[in-house]
Amino acid sequence: MTNFLLASVLSTPIKDPVPVFLMILGIMLIAPLLFERIRLPGIVGLILAGVIVGPNGLGLLARDNTIVLLGTVGLLFLMFMAGLETSLDDLKYNADKAVIFGLATFGVPMALGTVAMMAIGYGVLPAILVASCFASHTLLALPIVSKLGIMRSQTLTTTLGGTLITNVLALLVLAVVVRAHEGSLSLQFWLFLIPSLIIYTFLTLWGVPRLGRWFFQRFGHDEGAEFTFVLATLFVVSYGAELIQIEPIIGAFLAGVAITQLIPQLSPLMNRIQFIGNTLFVPFFLISVGMLVNPLILIQEPRSLLVSGVMVTVAIIAKLIPAWGSGKLFGFNFDNIMLMFGLSVAQAASTLAAITVAYKIELVDQLTVNGTIAMILVTCIASPWVTDRWGRKIKPGEASSSIRQGGSLGDRVLIPVANPSTEDNLLKLAILLTKSATGTLLPVHILLEQNSPIPPQDKARQNQLLSTAEMIAHAAVVNVTPIGRIDESIDKGIARVAEEKQASVIVCGWKGYSSYQENLFGGVIDKIVHRSAVPVLVTRFPLPIEHTTRVFLAFTTQQTYASSFKDSIQLAKSLATELKATVQLLQVVTTRGVPIDLSNAELPEDTPIQNVRGNFVQQVSRLLKPNDLLVLNGSVEQKTQLVSLFGRIPEAIARNHPEVAMIIAYFPK
């Protein structure tokens, strides 16, 4: 307390680590809440709080080595998370439009920014550096678009692909300008940079996913090891960028782009990365940036107002022109054009990163830092407002086919939990379905009443299984309602819980084969499918679900006539989206059959659709690859033979490919 009073009276920085950390935590807690309450982004509150407590404000905190260290970690983490939001797959859809918009939203700000900054007295290198800040942008309003349900619209895929292009080019400009400022931009530099950058990028984008996939397969059961591997990858790749003489933030960005292929967007691991980054590391960086700002310059140096005004004006105009021009070229209407502008106008992550690096090497002065903060303030307010206003006018694309009238597959996901060794993958699948629909997870465990009184060890095991499921769901930030039940049989208990709790789907595990007894009398899963009034997904995951690289939907010509066929396609598309995998369709045609045209199945244009003739098991087995997720459309027929509900096809495929994951989807008629 004494330290706080002295600091207030004498304006001397606090030195004691405990009150320093306490003050920073207080800022992280209070500043975002206050600014979000007045409908301003929390990022603005953290920066302004840094201005107030920093050496140019009240002087409560010094920008010492500790703040610089944590700020640097936060900077790398910020760029890493920007990379995590950038998918190379976004360039596959509407690739031509993404390239055109990406080059336009990079070239126009570079040209206008360079001319404008030189017009107010900046040198060539500082002007180009500031212009590169105009060119890059941060998808600050992406959560708004996600809530509006238009993430997979043509406008969004174009904007996301363009974001990858402009951010990479802007960061490369930063690397070149820094080298030029240091006087080492020679022919030797180019001869070293270009080959080393190509090799470095290849090793990152090709090597990191393969190394990560191997690591997750070997040690994926240890959540702590997974998270540590991700952090280690971030800093190793960032240090590698430094070794080839480019800025570490470029490496952090590429590390995010590379490793996002391995981590489903809605997985618990992705949630932990974003949680720790957004609540700890990134706020440190934002506060440290605010501590660079000197508000007195606005009074002492009137030119600061001119610099800020020019930067804000150019940033808005330079993003509006490419959005308008590209949108008109693509035939987008006014609402879609404004959505592109709203998403691309926000300046935050890359801008802060670039200007921090430039200020550190004295390429720009404090006037520019102040102008950058003003630009961030204005654009971070404008971007969510513009995106929300015009995004609401865009009709969402056809949502995934509603399996139950009035609801979606992930509304209320019921998952029986009985085996701790298989529970993890089943829960991950259930969580993906639940989170994509902002639904509720319903883990259930059935105890048989014929064992009454229930042995204490059975009751304890039930509580343990349900507690484990609840813990995993909470870690993924999913609504969960664990259900413990006593019933006369497992299948009846699950069916009754599904009806009572209004489940939208049931997710069950399958071992990959059926015993003689199950073939003769029917297994538990057979009975659940027959009793269920909602879809049942029978799943088999020999490897972690996040290793999936391709969702492979195989079907016969006859199955295309079933009313549930469209539901199977929507399920495959949804899983591929959440797992960041590709989709492939295989239609097996009988010798007398004719292939069905699937052009109206609302699939992405580049979705491979293959038609083959012959035996279903042989043709599917021939085309399956490791890390595939095979989706089969199950059918509920009257039991007339000594074989389980699954039939011989799934079991034959499972025997041929024991390493391939499988989902057999049963939809009620």
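All values reported here derive from a predicted model rather than from experimental measurement.
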Nearest 0.5 angstrom please: [X] [atom1] to [Y] [atom2], how far?
X: Leu427; Y: Thr468; atom1: CG; atom2: OG1; value: 9.0 Å
X: Asp64; Y: Ser288; atom1: CG; atom2: OG; value: 11.0 Å
X: Leu22; Y: Ile27; atom1: CG; atom2: CD1; value: 10.0 Å
X: Leu25; Y: Ile30; atom1: CG; atom2: CD1; value: 10.5 Å
X: Leu234; Y: Ile259; atom1: CG; atom2: CD1; value: 8.5 Å
X: Thr72; Y: Ile67; atom1: OG1; atom2: CD1; value: 11.0 Å

Original post:
For Arg213, what residues pass the side-chain hydrogen bond (donor to acceptor under 3.5 Å, both in side chains) criterion, not counting sequence neighbours?
Top reply: none
**OP:** Report the residues that fulfil side-chain hydrogen bond (donor to acceptor under 3.5 Å, both in side chains) with Thr105, sequence neighbours left out, ordered by chain and then residue number.
**Re:** Lys319
Side chains of [X] and [Y] in contact at under 4.5 Å (non-hydrogen atoms):
X: Met270; Y: Thr260; answer: yes
X: Val20; Y: Ile24; answer: yes
X: Thr279; Y: Met28; answer: no
X: Leu76; Y: Phe285; answer: no
X: Leu211; Y: Phe229; answer: yes
X: Val53; Y: Leu58; answer: no
X: Glu242; Y: Tyr239; answer: yes
X: Met375; Y: Thr372; answer: yes

So, for [X] and [Y], which heavy atoms are closest and what is the spacing to 0.1 Å?
X: Tyr200; Y: Val237; result: OH-O, 2.7 Å
X: Ala98; Y: Ile165; result: O-CD1, 3.6 Å
X: Leu46; Y: Ala31; result: N-CB, 4.2 Å
X: Ile276; Y: Phe227; result: CD1-CZ, 3.4 Å
X: Ser136; Y: Ala170; result: CB-CB, 3.8 Å
X: Leu61; Y: Met291; result: O-CE, 3.6 Å

**OP:** Apply ring pair (Phe, Tyr, Trp, His ring centres under 6.0 Å) to Phe281 and list each qualifying residue two or more places apart in sequence or on a separate chain.
**Re:** Phe77
Subject >> ring pair (Phe, Tyr, Trp, His ring centres under 6.0 Å) partners for Trp214, two or more places apart >> reply: none
Original post:
Can Val73 and Phe235 be said to form a side-chain contact (heavy atoms from CB on, under 4.5 Å), step by step?
Top reply: CA-CA 9 Å; Val73 173; Phe235 289 103; 3.9 Å; yes
**OP:** Please test Val230 against Glu226 for side-chain contact (heavy atoms from CB on, under 4.5 Å), starting from the C-alpha separation and ending with a verdict.
**Re:** CA-CA 6 Å; Val230 171; Glu226 285 184 339; 5.8 Å; no
Using distance only, find each side-chain donor-acceptor pair of residues 119-134 under 3.5 Å and give its atom names and separation, not counting sequence neighbours.
{"residue": "Tyr122", "atom": "OH", "partner": "Thr368", "partner atom": "OG1", "Å": "2.5"}
{"residue": "Ser132", "atom": "OG", "partner": "Leu129", "partner atom": "O", "Å": "2.5"}

Original post:
Given the rule in the side-chain contact (heavy atoms from CB on, under 4.5 Å) test, do Ile244 and Leu197 qualify, once you have shown the distances and angles that lead to the verdict?
Top reply: CA-CA 7 Å; Ile244 64 170; Leu197 186 60; 4.3 Å; yes
Original post:
Among pairs that include at least one residue of residues 272-292, which meet salt bridge (Lys or Arg N to Asp or Glu O under 4.0 Å), considering only residues two or more places apart or in two chains?
Top reply: Glu223-Arg272
Original post:
Can you check side-chain contact (heavy atoms from CB on, under 4.5 Å) on Leu254 and Val208, steps first, answer last?
Top reply: CA-CA 10 Å; Leu254 287 177; Val208 167; over 6 Å; no
Subject >> Test side chain to side chain contact (heavy atoms under 4.5 Å, CB included) applied to Leu174 and Val178, Val177, Val176, the passing residue >> reply: Val178
Subject >> Any donor-acceptor pair under 3.5 Å from Thr166 side chain to Ala135 backbone >> reply: yes
